Amino acid sequence: MDLFRGFVLVCGLVVSVTAVEKRYTDRNLMQCMTDMGLTDLVQLLTETNMNSALSNTGSSYTVMAPTNAAFSKVDVNLMGTLAHEPILKKQILQYHVIPGFNVLPQLLQQHKADTLEGQPMRFTGFGGNVLINNSTRPVPGNSSDVICRNGVVHVIDSVLTPPVFGTHNIAANLVLRDDLFQDMFLALLLNNLTHILEDTEFTLFAPTNLAFGRYSALNGIRPNMPNAQMIYHEVFKYHMVPGRRTSYNLHDGDKLFTLHNSQINITVDATGMMVDHAKVVEKDIAASNGVIHAIDHIIFPTDLLQNLING
Ligand SMILES: *[C@@H]1O[C@H](CO)[C@@H](O)[C@H](O)[C@H]1NC(C)=O
Ligand SMILES: *[C@@H]1O[C@H](CO)[C@@H](O)[C@H](O)[C@H]1NC(C)=O
Ligand SMILES: *[C@@H]1O[C@H](CO)[C@@H](O)[C@H](O)[C@H]1NC(C)=O
Ligand SMILES: *[C@@H]1O[C@H](CO)[C@@H](O)[C@H](O)[C@H]1NC(C)=O
Ligand SMILES: *[C@@H]1O[C@H](CO)[C@@H](O)[C@H](O)[C@H]1NC(C)=O
C-alpha cells in the first residue's frame, strides 16, 4: 500500500516538473555547477573538501546553489571571518546540501529537510516561487530542478545561514557570556582545555556559575588530593562532545560520547532537556566551531565517581 502510494507520488512529481527541469545526467554535481557558472560556490566546496563527495556518483545530494551575485551580497565581515575559519565555512556550505535526490515539488510537499550541517531548511510555495525560510527563492529562470548524474542543483539568490549560527569560537563565547560562564571558563583555563575549544568542533555542556556555586570543592575532590588535577581534567572533558549538536539534533535517549571517552545520556520531555542529571537551562548558544548548552549542575562520569567511592 505504502509502496503503491509512493509510486503514484513519484509519478505526480515527475509530471509536474517536466516542464521546468533540466537534465545533465552525464555530469556529476560538481561538473554541473561548473558548467552553470557557479564559480564561487565551486571554489568554496573545493576549499572545504566537499567536492569529492559531490562528484562521487555513488551517493546523491541536493544542492541549494547560491549564484556568484549571491556571494557578493554577503556581509564583508562574515566573508572575512570565513576566510580564516574553516569550520565555519564548512558549516555554511553544509547547510546548503541536503542528502538524497530531492526535486522542488517534493521539498515543498515535505516542507522541511535536514541538511548535511544537521539543522533543517524550510520550504514554502509562494506565487509560483519557492521560498526557503521565507527569504530566499530560486532565481527566476533558474528556478527549475537541474538534474545531474548524482543529484539535483537548485540555483538560489542568497547565501543561507543555519538557524543556530555564531561567529565567535566557543572559548570566546564563554568570555562574552561571563554572566553565565565565568567559572566554567576559569576551570577550562586551569585545565588547559580552552585552546581546543578555539579551533576544534565541539558541543560543550557548560555548567553555569550557579552550578559551580553548588560545589564548594567539586563534590569532595580537594585540589590537594594527589590525583585532583587529573580528576578535574577528566570531569571537564566529560562536558565536551566532539562535533556540533544543536538542540534540533538532540533527542530523547541519545547517548553522546564525550572527550572523557564515556557517554552522557540525553533525556528530552515536556519539561525540557536533561544531560545525565543536569537540566539544560539555555540551549543553542552558537559558536563558530560548535555550540554551547548551559546546564544547572556539574556532571560526573560514573567511572570517576566509582574510583572516588573506592578511594
Ligand atoms: C512565512 O511567511 C508566511 C506568510 O507571509 C507567514 O505566515 C510565516 O509566519 C512566515 N514564516 C517565517 C518563519 O517567517
Ligand atoms: C542561470 O544562472 C546562470 C548562473 O548564474 C546564468 O549564467 C544563466 O544565465 C541563468 N539562466 C537564466 C535563464 O537566468
Ligand atoms: C529562518 O527563520 C527562523 C524564524 O524566523 C529564524 O530563526 C532563522 O534564523 C531563519 N533561518 C534562515 C536561514 O534565515
Ligand atoms: C596543553 O594541551 C596541549 C594539547 O592539547 C599540549 O600540547 C600542551 O602541552 C598542554 N600544556 C600543558 C601545560 O599541559
Ligand atoms: C546512561 O545510560 C546507561 C544505560 O543506557 C546507564 O548505564 C548509565 O548509568 C547512564 N548514565 C548516567 C550518568 O545516568
Side-chain angles (χ1 to χ4, degrees), residues 84-88 90 168-175 181-208 210-215 217-283 287-311:
H84 56 261
E85 296 269 9
I87 297 177
L88 191 62
K90 192 160 186 174
H168 298 288
N169 66 50
I170 294 175
N173 266 288
L174 294 175
V175 175
F181 301 127
Q182 190 175 36
D183 290 350
M184 183 59 171
F185 180 75
L186 282 175
L188 293 168
L189 197 62
L190 287 171
N191 284 280
N192 188 27
L193 288 168
T194 44
H195 60 278
I196 65 167
L197 291 173
E198 287 166 6
D199 54 19
T200 314
E201 198 170 29
F202 275 111
T203 301
L204 177 70
F205 293 95
T208 61
L210 273 177
F212 274 86
R214 296 182 209 276
Y215 298 91
L218 279 190
N219 245 6
I221 310 167
R222 290 183 309 279
N224 58 355
M225 279 167 62
N227 290 335
Q229 195 59 43
M230 182 278 284
I231 292 172
Y232 277 116
H233 195 79
E234 291 306 316
V235 165
F236 292 115
K237 279 160 69 179
Y238 187 64
H239 292 72
M240 297 161 69
V241 173
R244 183 191 309 264
R245 299 290 292 258
T246 63
S247 62
Y248 181 78
N249 302 116
L250 292 172
H251 307 104
D252 191 38
D254 280 355
K255 299 186 184 306
L256 309 178
F257 262 89
T258 67
L259 210 57
H260 171 63
N261 217 7
S262 69
Q263 65 189 20
I264 48 176
N265 298 339
I266 303 291
T267 324
V268 183
D269 64 19
T271 66
M273 186 184 297
M274 305 281 291
V275 183
D276 287 353
H277 302 296
K279 187 171 173 53
V280 173
V281 289
E282 187 173 335
K283 62 183 185 181
S288 56
N289 61 330
V291 64
I292 304 169
H293 305 291
I295 55 177
D296 71 345
H297 280 84
I298 297 171
I299 51 178
F300 294 92
T302 42
D303 59 329
L304 279 189
L305 278 182
Q306 210 52 50
N307 280 342
L308 288 173
I309 291 163
N310 299 340

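Quick caveat, the model's predicted, so the values are computed rather than measured. Counting starts at 1 for both ligands and their atoms, following the listed order.
Using a 4.0 Å threshold on non-hydrogen atoms, atom 5 (O) of ligand 5 counts as touching the protein.
For atom 11 (N) of ligand 4, the closest non-hydrogen atom on the protein side is N192 ND2, 2.7 Å. Of the protein's non-hydrogen atoms, H195 NE2, 3.4 Å is the one closest to atom 3 (C) of ligand 4.
Considering backbone and side-chain N/O atoms, Y238 never comes within less than 3.5 Å of an N/O atom of ligand 5. Inclusion of N265 in the set of residues having an N or O under 3.5 Å from an N or O of ligand 5 is warranted.
Ring-centre distance between F205 and H239: not below the 6.0 Å cut-off.
Around atom NE2 of H277, no more than 12 heavy atoms belonging to other residues, nucleotides or ligands sit under 6.0 Å away.
Of all the atoms in ligand 5, the ones that sit under 4.0 Å from a non-hydrogen atom of D276 are 12 (C), 13 (C).
Side-chain atoms of H168 never come within 3.5 Å of backbone atoms of N173 as a donor-acceptor pair (strictly under, hydrogens ignored). In this structure, N289 contributes its side chain and I170 its backbone to a donor-acceptor pair below 3.5 Å. Panel note: side chain N191, backbone A187; a donor-acceptor pair is recorded below 3.5 Å.
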